[in-house]
Amino acid sequence: MIRRVLPHGLGRGLLTRRPGTRRGGFSLDWDGKVSEIKKKIKSILPGTPCDVLPDTSHLPPEHSDVVVVGGGVLGLSVAYWLKQLENRRGGMRVLVVERDHTYSQASTGLSVGGICQQFSLPENIQLSLFSASFLRNINEYLAVTNAPPLDLQFNPSGYLLLASEKDAAAMESNVKVQKQEGAKVCLMSPDQLRNKFPWISTEGVALASYGMENEGWFDPWCLLHGLRQKLMSMGVFFCQGEVTRFVTSSQRMMTTDDEMVTLKSIHEVHVKMDHSLEYQPVECAIVINAAGAWSAQIAALAGIGKGPPGTLQGTKLPVEPRKGYVYVWHCPQGPGLETPLVADTSGAYFRREGLGSNYLGGRSPAEEEEPDPANLGSGP
Ligand SMILES: Cc1cc2nc3c(=O)[nH]c(=O)nc-3n(C[C@H](O)[C@H](O)[C@H](O)COP(=O)(O)OP(=O)(O)OC[C@H]3O[C@@H](n4cnc5c(N)ncnc54)[C@H](O)[C@@H]3O)c2cc1C
């Protein structure tokens, strides 16, 4: 098998090539040598010039410090932030392997692209606040020379969460945490709700919470495209293929309690190439599982869930592909064609409405005054 060998930038990277591996060592002027050989063959062979060395540009590199399995928004985001850690260009080799470049079943393509700050854990609120800031400054984060600026089509629109009597106290406590973390969220009584959204039935509603900024939705395809374009400019490798196997090596180590343990680590990823039974081995130091709804299958390739029942190794990653639903309500008196949109996810019930009282772009949150829910006005 003839493979293209890419110039390696691993000198100080995470992975140092072990001498004596079956693919041998590296030569920095490999490309030059290949071109010399091509010229020689062309001069010897009769007839029209032909490329006797096949094009291998679609193949993954022979080794990569990090292999990211899955090229959805999460995999690309991990690759982006890893590359940001590089202290010199090409210091860390990152390969993203994606089996379906149409993203036909990937959550990223199916997503509604909504962003919300209304969570109960401070970590999630902080993540979402940072994401809002990232989206607001997308053309700084993902700028690429000579590429037009990205337009995420951000549609500012607050999430409206409704709580029954039973859940009102939890909602109140969540909003307290959200405000402590810096999110602009307000509580609304059923009267305030009726006043602002006359088309909503408040039957059974004891309390509502409403996001006043940094909430809305955008085009997830645009984000995916922007990340991909940026990663290419940063030197990230992409490969279309399916990760089907990990090759592991075991090391026996003594713990501080004098217990002998066996540690397994992945040192090679097999990528099955598209429309082919051929696989390509990629030597690596770190594998990132970003396979979305198929993450449990990738974890299983690493032995996770395959150990004795009741042990950590015997615990499967509890992720599986399931159909998700997003509903568009028939609401002729509602605020707009695209809204309200309702998602019902395991008991969580949220609505969006299309009023312009919040935003993602424009002024910073500090410039906005804390709005009084009583003055939010009514919907159109
Ligand atoms: C209907 C719907 C609506 C949603 N709405 C929202 C929303 O409004 N707001 C929000 O924040 N989130 C929303 N989400 C969730 C959000 O879309 C996901 O959390 C996010 O896109 C997950 O990204 P990901 O990269 O982890 O997964 P994905 O986008 O699914 O990417 C995983 C990728 O891994 C690839 N892959 C899998 N196995 C392999 C393998 N063995 N080898 C190579 N590649 C492999 C797949 O082909 C896939 O492209 C929604 C999801 C759905 C389904």
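Counting convention: from 1, in listed order, for ligands and their atoms alike. This chain uses plain numbering: 1 for the first residue, then up along the sequence.
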With side-chain contact (heavy atoms from CB on, under 4.5 Å) as the criterion, how do His58 and Gln240 come out once you've worked through the C-alpha distance, each side chain's angles and the decisive distance to 0.1 Å? CA-CA 7 Å; His58 62 290; Gln240 177 156 356; over 6 Å; no
Side chains of residues 285-304: which donor-acceptor pairs under 3.5 Å do they make with residues two or more places apart or in other chains?
residue, atom, partner, partner atom, Å
Asn289, OD1, Ala291, N, 3.3
Asn289, ND2, Ser295, O, 2.9
Ser295, OG, Gly292, N, 3.3
Ser295, OG, Gly292, O, 2.6

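- Checked against a 3.5 angstrom limit, the closest N/O atoms of Val69 and ligand 1 fall outside it.
- Counting heavy atoms closer than 4.0 Å to ligand 1, residue Ala290 contributes backbone atoms (N, CA, C, O) but none from C-beta onward.
- Looking at Thr102, Leu110, Val97 and measuring to atom 1 (C) of ligand 1, the nearest heavy atom belongs to Leu110.
- Interatomic distance, CD of Gln178 versus CE of Met171, reported as 8.5 Å (0.5 Å rounding).
- The contact set between ligand 1 and Gly241, taken as ligand atoms under 4.0 Å from a residue heavy atom, comprises 43 (C).
- Going from atom CG of Leu76 over to atom NZ of Lys230 covers 14.0 Å, rounded to the nearest 0.5 Å.
- Looking at Tyr103 against ligand 1, only its side chain comes within 4.0 Å, counting heavy atoms.
- Polar contact check, Ile298 against ligand 1: no nitrogen or oxygen pair lies under 3.5 Å apart.
- The nearest non-hydrogen atom to atom 18 (C) of ligand 1, considering only Cys116, Ser128, Ser107, comes from Ser107.
- Contact check on Glu86 versus Lys83 returns a salt bridge, with a Lys/Arg side-chain nitrogen under 4.0 Å from an Asp/Glu carboxylate oxygen.
- Under the 4.0 angstrom criterion for non-hydrogen atoms, Ala293 is not in contact with ligand 1.
- Considering backbone and side-chain N/O atoms, Thr108 comes within less than 3.5 Å of an N/O atom of ligand 1.
- Taken to the nearest 0.5 Å, the NE2 atom of His101 stands 11.5 Å off from the CZ atom of Arg99.
- Those atoms of ligand 1 that come under 4.0 Å of a heavy atom in Ala106, given as number and element, are 28 (P), 29 (O), 30 (O), 48 (C), 49 (O).
- For the residues Ser295, Ser111, Gly114, the heavy atom positioned nearest atom 16 (C) of ligand 1 is part of Ser111.
- Contacts between Leu76 and ligand 1 below 4.0 angstrom, taking non-hydrogen atoms only, are absent altogether.
- Inclusion of Asp100 in the set of residues having an N or O under 3.5 Å from an N or O of ligand 1 is not warranted.
- Atoms CG and CD, on Leu161 and Gln118 in that order, are 5.0 Å from each other to the nearest 0.5 Å.
- A cation-pi contact, defined as under 6.0 Å to the ring centre and within 45° of the axis, links Arg228 to Phe238.
- In this structure, Leu263 places its CG atom where more than 12 heavy-atom neighbours from other residues, nucleotides or ligands lie under 6.0 Å away.
- Remark: among candidates Val112, Val78, Asn289, the nearest residue to atom 5 (N) of ligand 1 is Val112, based on non-hydrogen atoms.
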